[in-house]
Amino acid sequence: MQTSDQHAESGAAGYDFRAIQERWLPVWEELRPFEANDAAAGGGRPRKYVLDMFPYPSGDLHMGHAEAFCFGDVLARYWRGRGYDVLHPIGWDSFGLPAENAAIKRGVDPREWTYANIAQQKASFRLYAPSFDWSRVLHTSDPEYYRWNQWLFLKLYEKGLAYRKASWVNWDPVDQTVLANEQVLADGTSERSGAPVVKKKLTQWYFRITDYADRLLDDLDALEGQWPAKVLNMQRNWIGRSTGAEVEFEIEGREAKVPVFTTRPDTLYGATFMVVAPDSDLAAELAASASPEARMRFQEYLAEAQKQSEIDRQNADRPKTGVFLDHFAINPVNGERIPVWAADYVLADYGHGAIMAVPAHDQRDLDFALKFELPVRVVVEVRGEDGEPLPDPAESGVATAGDGILVNSGPLDGLGKAEAIARAVEVLEERGTGRAAKTYRLRDWLISRQRYWGTPIPILHGAGDSNAGEMRPVGEAELPVRLPASEGLDLKPKGASPLGAATEWARVIDPETGEEWTRDPDTMDTFVDSSWYYLRFLSARDDTQAFDPELARRWGPIDQYAGGVEHAILHLLYSRFITKVLHDLGYLDFEEPFTALLNQGMVLQDGAKMSKSKGNLVEFASELREHGADALRVTLAFAGPPEDDIDWADVSVQGSAKFLARAWRVADDVASEPGAEFSAGSTELRRHTHRLLADAPGLVEQYKFNVLVARLMDQVNVTRKAIDSGAGAADPAVRESAEATAMILSLFAPYTAEDMWAKLGHEPTVALAVWPEPDPALLVEDEITLVVQVNGKVRDRLTLPASVSESEAETAALASEAVQRAIGEREIANLIVRVPKIVSIALR
RNA sequence: GCCCUCGUAGCCCAACUGGCAGAGGCAGGCGACUUAAAAUCGCUUCAGUCAGGGUUCGAAUCCCUGCGAGGGCACCA
């Protein structure tokens, strides 16, 4: 039984998307045409690894998934059509907090919720029909997967790239777990729970990503043009390298010198005080040897500072605060004695947690100096746009940070900023009190989490008398360290990992020594899971190794990665880091995992992000049911450039369905036999078809899917006309056009294209049909339209043979009556001929 | 404050990367089919490219300034 609406969309003329879906789905499942060929020789065919960011199983697929997987699938199908062996796998990023929170809410095991959602998503994918290689499916929450996650951890641990330290960390008070820096939003709230993040001092596991900061930054240059400019920019900002100098200051009464980092070593003579972060070890140490009053002041200040939330602390408008630490430092270039203060505008974990303050040329230092009446000394004379010297910062309250001539600076006097920086570094190096240096905004990656639903960290802690305080890795042969059953464990967030309460699980007795050990109770950040999953697809069923390096050589790196821009920093940065580590360990011969990246935009409704709470949700499942997979995919591909957001209010799924029916009817109308000699067909239509074949690859490779769909619409329109009022349905050129249309359309509408392919008398599947090469003879025009401009205005259009020479074109242009009229009595100043296009005449 | 994108018909978007502003679609209009409507088919209206300046024979495209939208970083020394 059908509603009238459905009946309308199935099309009165015989196109019925439901029947077509039901016809081809079982055929494809039988044929399994998308299982990738791993063989070394590979039949001599080139390879492409096309990957979509794997989904998180929170409920059913939504429109965002529909969009992302549509674009990834277009690319995978495209390369197959070009004759490549394509690897296009799918899996699930199935560890993580939402499952655990849902499990707590419903009182069920996280496994149950997770695997039920995966089953639902698999069923939706089945109908949506991306060309996945299902034989390699993986779930990161399977022990067969996280076993190798643990292996990866051990490799980093052996290399000294995984370590434990006590530090101030981001704490999510709602989810009751630590967060990586990357998971704290710009406004100081958690990207997960939305709660304001607080700082806690805890001992946690870190990956030493900062060791790779330079490579992670510099290697971005090679991705220019292959990755969206926006993502490159975001990664560069995030790594945040600054170059400058490290300057060592002596502190009176202290043995060791204190290094500070500055980007402006040229202003060293203008340093009038030093500031250290109140929560740094140095501040505590200096306070300890200060006068009792100073010590008291400091302790009060520190306590006050630590009460601040991240949000308050990040407010740059807030007045400067600080306390004098009752110590003096010596400026290494001029021997000047300057006071040392503690102030919270200096961060403990950036640079060295201490700065030299140059109030004349740094606004923050100036604000501080004016408030606490510290001296301000100009050492760079900066001029404004009008060429006049800028007013004295001490008077104006505005620091002068620009370029200028150095004064009051000994050997630097008279130099410009850039020369002065270079000279200052030389001076420091000569005296052994400093050097050129770089520092980064990037911090080490905090990977431990105090939650249940993740990969257990494969480390044992000594729990006996003889081994107290010791730490030892679990042997590789003993992996995986399986998660204990959740039954009987309280998963509610309470600040300590639930695994700690699984006493049976946690207790390990060494069979040889009888020593008692306790398992590390924390689990890994799920971004560890996703940092290398693309390699596991190569060896998804291999229980002897994480992945086969030979297969990685064969398939890697990923030729085409597709996914949302929300992972522009987190996942992509971590994955790049882990790839470089695996390269350095000798497992990979490449250093960058993702050669090309496509970020799709979001699917909006009436300009707003869709959400249940806003009531503007367009359901993937219902769209799929009402319009079918093909119409949905065509709509998404046609809406605009893939990187742009799609507003569902601006698109028409009905329009897409109409187009598909028109395309299908063209194939249905073809009246010539398969194998008909195309060269006997209408040249006009053939030219159109071959131009499409010639342009389609460039359009796909430049992600201009919307343009390619428009070209397909055009092709269908032109072919329709040829059938109805031109060459006729029996003309072989009509068949040629319909076949080309089916092949290219199969990127967007696999069901419709398959049905067209069958109507045209071919065996399934169109997905493996290699596109014909365009005939160059049909791409050459025999006539061109030459535009003649006089003083920038189009005065005539001349139809000329394509072979026309420059001088012939010039003669023809000047012979035009309209052109002569435009020229009139005036003299020609310049005449430019660009042959197939234009003749441009400028008059004096 | 620093950095990155982007502004083209009523709407979504094209424009061979400096050469006739229009490929495609939505919406609108007219017509055919129909008892009628839906669907289908055919035809069709619609902007001079956010504003201003510059380079050029020629600018939507390159450069500068401004306005507007979106995004990243930010007491980061």
Side-chain angles (χ1 to χ4, degrees), chain A residues 4-5 7-13 186 228-242 244 260-264 267 275 277 313-318 320 343-347 349-358 362-365 367-368 401 439-441 565 568-569 601 634-635 638-641 643-647 649-652 654-656 658-659 661-662 665 695 698 704 706-717 720-721 724-725 785-797 828-834 836-843:
Chain A
S4 61
D5 187 45
H7 187 74
E9 278 196 20
S10 327
K230 182 179 166 180
V231 176
L232 294 173
N233 179 244
M234 285 166 74
Q235 293 231 345
R236 289 189 178 115
N237 281 340
W238 187 261
I239 296 166
R241 180 165 66 196
S242 348
V260 305
F261 176 78
T262 177
T263 55
R264 294 293 305 274
T267 62
V275 186
R313 203 196 55 74
Q314 286 184 2
N315 177 13
D317 297 335
R318 136 187 108 86
K320 292 282 178 290
D344 67 358
Y345 79 93
V346 171
L347 308 175
D349 57 355
Y350 185 78
H352 298 286
I355 62 157
M356 63 176 211
V358 184
D362 183 290
Q363 191 60 47
R364 296 154 299 182
D365 297 344
D367 294 343
F368 193 83
T439 189
Y440 306 86
R441 216 195 66 90
V565 73
I569 294 172
V634 166
T635 303
F638 183 58
E643 314 81 34
D644 289 5
D645 290 346
I646 298 172
D647 194 327
D650 294 331
V651 300
S652 165
Q654 284 85 353
S656 305
K658 197 162 91 180
F659 157 63
R662 279 169 66 81
R665 280 197 299 272
D695 293 347
K704 296 184 173 183
N706 55 327
V707 181
L708 182 53
V709 173
R711 291 289 299 275
L712 283 168
M713 289 173 170
D714 183 44
Q715 185 70 26
V716 168
N717 290 346
R720 181 80 258 155
K721 270 198 192 101
D724 291 346
S725 53
T785 302
L786 188 78
V787 175
V788 188
Q789 287 185 350
V790 180
N791 277 352
K793 284 205 175 86
V794 178
R795 294 302 184 182
D796 204 357
R797 295 181 170 87
I828 294 175
N830 196 357
L831 192 148
I832 281 153
V833 185
R834 290 285 175 272
K837 293 281 183 189
I838 205 164
V839 173
S840 179
I841 300 168
L843 303 178

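If you're wondering where the values come from, they're calculated on a predicted model, not measured in any experiment.
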K.L.:
Using OP1 and OP2 only, check whether a side-chain N or O of A/K721 sits under 4.0 Å from B/rC41.
P.N.:
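For B/rC41, OP1/OP2 do not have a side-chain N/O of A/K721 under 4.0 Å.
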K.L.:
Reckon A/V346 touches a base, only the sugar-phosphate, or nothing at all at heavy-atom distances under 4.0 Å?
P.N.:
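Base, at least one base atom sits under 4.0 Å.
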K.L.:
Measure across A/P836 and A/L786 and return the closest heavy-atom pair with its distance rounded to 0.1 Å.
P.N.:
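Result for this residue pair: C-CD1, 4.3 Å.
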K.L.:
Within this structure, what is the CZ-to-C1' distance between A/R364 and B/rC75, rounded to whole angstrom?
P.N.:
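Result: 6 Å.
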K.L.:
Counting just side-chain N and O atoms, does A/R711 come under 4.0 Å of either OP1 or OP2 of B/rA14?
P.N.:
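Indeed not, no polar side-chain atom of A/R711 lies that close.
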K.L.:
Check the distance between B/rG58's C1' and A/L786's CG and give it to me in whole angstrom.
P.N.:
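After rounding, the gap between these two atoms is 14 Å.
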K.L.:
When you look at A/H352 and A/T439, which way does the side chain to side chain contact (heavy atoms under 4.5 Å, CB included) test go after all the steps?
P.N.:
CA-CA 9 Å; A/H352 298 286; A/T439 189; over 6 Å; no
K.L.:
Grab the CD1-P distance between A/I646 and B/rG25 for me, whole Å please.
P.N.:
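About 18 Å, once rounded to whole Å.
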K.L.:
Toward the 5' end of RNA chain B, which comes first, A/R720 or A/R797, by nearest nucleotide?
P.N.:
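It is A/R797, whose closest nucleotide lies nearer the 5' terminus.
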K.L.:
Would you mind reading off the distance between A/L843 atom CG and B/rG58 atom P, rounded to a whole angstrom?
P.N.:
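For the pair A/L843 CG and B/rG58 P, the rounded distance is 12 Å.
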K.L.:
With both distances kept under 3.5 Å, what pairs with B/rU17, Watson-Crick or G-U wobble?
P.N.:
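Matched B/rU17 with nothing under the 3.5 Å cut-off.
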K.L.:
Quick check on RNA chain B: between A/P641 and A/A842, whose nearest nucleotide comes earlier from the 5' end?
P.N.:
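Comparing both residues, the 5'-ward one is A/P641.
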K.L.:
Please report, rounded to the nearest Å, how far the P atom of B/rC13 is from the CG atom of A/D647.
P.N.:
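Rounded to the whole Å, the gap is 9 Å.
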K.L.:
Any N or O donor-acceptor pair under 3.5 Å from the base of B/rC16 to the side chain of A/K837?
P.N.:
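When only heavy-atom distances are counted, A/K837 does reach the base of B/rC16 through a donor-acceptor pair under 3.5 Å.
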K.L.:
Would you say B/rG25 has OP1 or OP2 under 4.0 Å from some side-chain N or O of A/N717?
P.N.:
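It does, given that an N or O in the side chain of A/N717 lies less than 4.0 Å from OP1 or OP2 of B/rG25.
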K.L.:
What's the closest nucleotide to the A/K658 side chain, out of B/rC41, B/rG19, B/rC12?
P.N.:
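In terms of side-chain proximity for A/K658, the closest of B/rC41, B/rG19, B/rC12 is B/rC41.
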K.L.:
What's the closest nucleotide to the A/V787 side chain, out of B/rC20, B/rG24, B/rA77?
P.N.:
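Selected nucleotide: B/rC20.
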K.L.:
With P as the reference atom in both, quote the distance from B/rA38 to B/rA27 in angstrom, rounded to an integer.
P.N.:
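It comes out at 13 Å once rounded to the nearest Å.
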K.L.:
In whole angstrom, what separates A/I838's CD1 from B/rA59's P?
P.N.:
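Roughly 10 Å, once rounded to whole Å.
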K.L.:
Within 90° of 0 counts as syn, otherwise anti: where does B/rU17 fall?
P.N.:
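B/rU17: syn glycosidic orientation.
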K.L.:
Can you tell me the Watson-Crick or wobble partner of B/rU5, both distances under 3.5 angstrom?
P.N.:
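Looking at the geometry, B/rU5 pairs with B/rA69.
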K.L.:
So if I take every side-chain heavy atom of A/D714 and compare against B/rC41, B/rA77, B/rA23, which nucleotide ends up nearest?
P.N.:
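Out of B/rC41, B/rA77, B/rA23, the nucleotide with an atom closest to A/D714's side chain is B/rA23.
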K.L.:
Taking all non-hydrogen atoms of both residues into account, name the closest pair between A/G353 and A/V346 and its distance.
P.N.:
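In terms of heavy atoms, the two residues are closest at O-CG1, 3.6 Å.
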K.L.:
With a 3.5 Å limit on both atom pairs, tell me what B/rC41 is paired to, counting Watson-Crick and G-U wobble, or say none.
P.N.:
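Partner of B/rC41: B/rG31.
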K.L.:
Please measure how far the P atom in B/rG10 lies from the corresponding atom in B/rU49, and state the result in whole Å.
P.N.:
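13 Å, rounded to whole Å.
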K.L.:
Quickly work out the A/R834 CZ to B/rC57 C1' distance and round it to whole Å.
P.N.:
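It is 9 Å, rounded to the nearest whole Å.
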K.L.:
Measuring only between side-chain heavy atoms, which start at C-beta, is A/V565 closer than 4.5 Å to A/E643?
P.N.:
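Sidechains of A/E643 and A/V565: no contact.
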K.L.:
Is it the case that the base of B/rC26 and the side chain of A/S652 share a donor-acceptor contact (distance under 3.5 Å, atom types as modelled)?
P.N.:
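No.
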K.L.:
Taking the side chain from A/R834 and the backbone from A/S840, do they hold a donor-acceptor pair closer than 3.5 Å?
P.N.:
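It does not hold such a pair.
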K.L.:
Checking contacts here: which listed nucleotide (B/rA23, B/rC73, B/rG25) is nearest the side-chain heavy atoms of A/V707?
P.N.:
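Selected nucleotide: B/rA23.
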K.L.:
Would B/rG10 be called syn or anti here, given the cut-off of 90° from 0?
P.N.:
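That one's anti.
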K.L.:
Roughly how many Å is it from CZ in A/F659 to C1' in B/rC41, rounded to a whole number?
P.N.:
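Nearest whole value for this atom pair: 17 Å.
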K.L.:
Provide the closest heavy-atom pair for A/V275 versus A/A357 in the form atom of the first, atom of the second, distance.
P.N.:
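Heavy atoms of A/V275 and A/A357 come nearest at CG2-CB, 4.3 Å.
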K.L.:
Which nucleotide in the list B/rC20, B/rU40, B/rA23 gets nearest to the side chain of A/A710?
P.N.:
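Given the options B/rC20, B/rU40, B/rA23, the side chain of A/A710 is closest to B/rA23.
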K.L.:
Picking from B/rG58, B/rA77, B/rG25, which would you name as closest to the side chain of A/T263?
P.N.:
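Nearest nucleotide to the side chain: B/rA77.
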K.L.:
If the cut-off is 4.0 Å, is A/N706 near the phosphate of B/rA14, judged by side-chain N/O to OP1 or OP2?
P.N.:
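Checking B/rA14 against A/N706, a side-chain N or O does come within under 4.0 Å of OP1 or OP2.
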K.L.:
What does A/S242 touch in the nucleic acid at a heavy-atom separation under 4.0 angstrom: a base, only the sugar-phosphate, or nothing?
P.N.:
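If one applies the 4.0 Å heavy-atom cut-off, A/S242 turns out to touch the sugar-phosphate alone, with no base involved.
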K.L.:
Report yes if a side-chain nitrogen or oxygen of A/K230 is closer than 4.0 Å to either non-bridging phosphate oxygen (OP1 or OP2) of B/rG70; otherwise report no.
P.N.:
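No.
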K.L.:
With a 3.5 angstrom cut-off on both distances, give the Watson-Crick or G-U wobble partner of B/rA23, or none if there isn't one.
P.N.:
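B/rA23 is unpaired by these criteria.
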K.L.:
Counting Watson-Crick and G-U wobble pairs only, both distances under 3.5 Å, name the nucleotide matched with B/rA60, or none.
P.N.:
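The answer is none; no pair meets the criterion.
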K.L.:
Test your reading of the model: is there a side-chain donor-acceptor pair from A/N791 to the backbone of A/L843, 3.5 Å cut-off?
P.N.:
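Yes, because the side chain of A/N791 sits within donor-acceptor range (under 3.5 Å) of the backbone of A/L843.
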K.L.:
If you only use heavy atoms from C-beta on, which nucleotide in B/rC20, B/rC73, B/rA77 is closest to the side chain of A/L347?
P.N.:
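Among the listed nucleotides, the one closest to the side chain of A/L347 is B/rA77.
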K.L.:
Look at the aromatic rings of A/Y350 and A/F261 and report parallel, tilted or perpendicular, splitting at 30° and 60°.
P.N.:
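Geometry flag for A/F261 against A/Y350: perpendicular rings.
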K.L.:
Both distances below 3.5 Å, Watson-Crick or wobble geometry, any strand: find the nucleotide opposite B/rU49.
P.N.:
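When the pairing criteria are applied, nothing turns out to pair with B/rU49, so the answer is none.
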K.L.:
Using a cutoff of under 3.5 Å, can you pull out all pairs of nitrogen or oxygen atoms linking the protein to nucleotides 1-3 of chain B, with atom names and distances?
P.N.:
from	atom 1	to	atom 2	distance (Å)
B/rC3	O2'	A/N233	ND2	2.9

K.L.:
State, yes or no, whether a side-chain contact exists between A/V358 and A/R264 at a heavy-atom distance under 4.5 Å.
P.N.:
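No; the side chains remain at least 4.5 Å from each other.
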K.L.:
Contact class for A/R662 vs. all strands (heavy atom < 4.0 Å): base, sugar-phosphate, or nothing?
P.N.:
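Contact class for A/R662: sugar-phosphate only.
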K.L.:
Considering non-hydrogen atoms only, spot the tightest contact between A/T263 and A/S242 and give its length.
P.N.:
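Smallest heavy-atom distance, with atoms named: CG2-CB, 3.9 Å.
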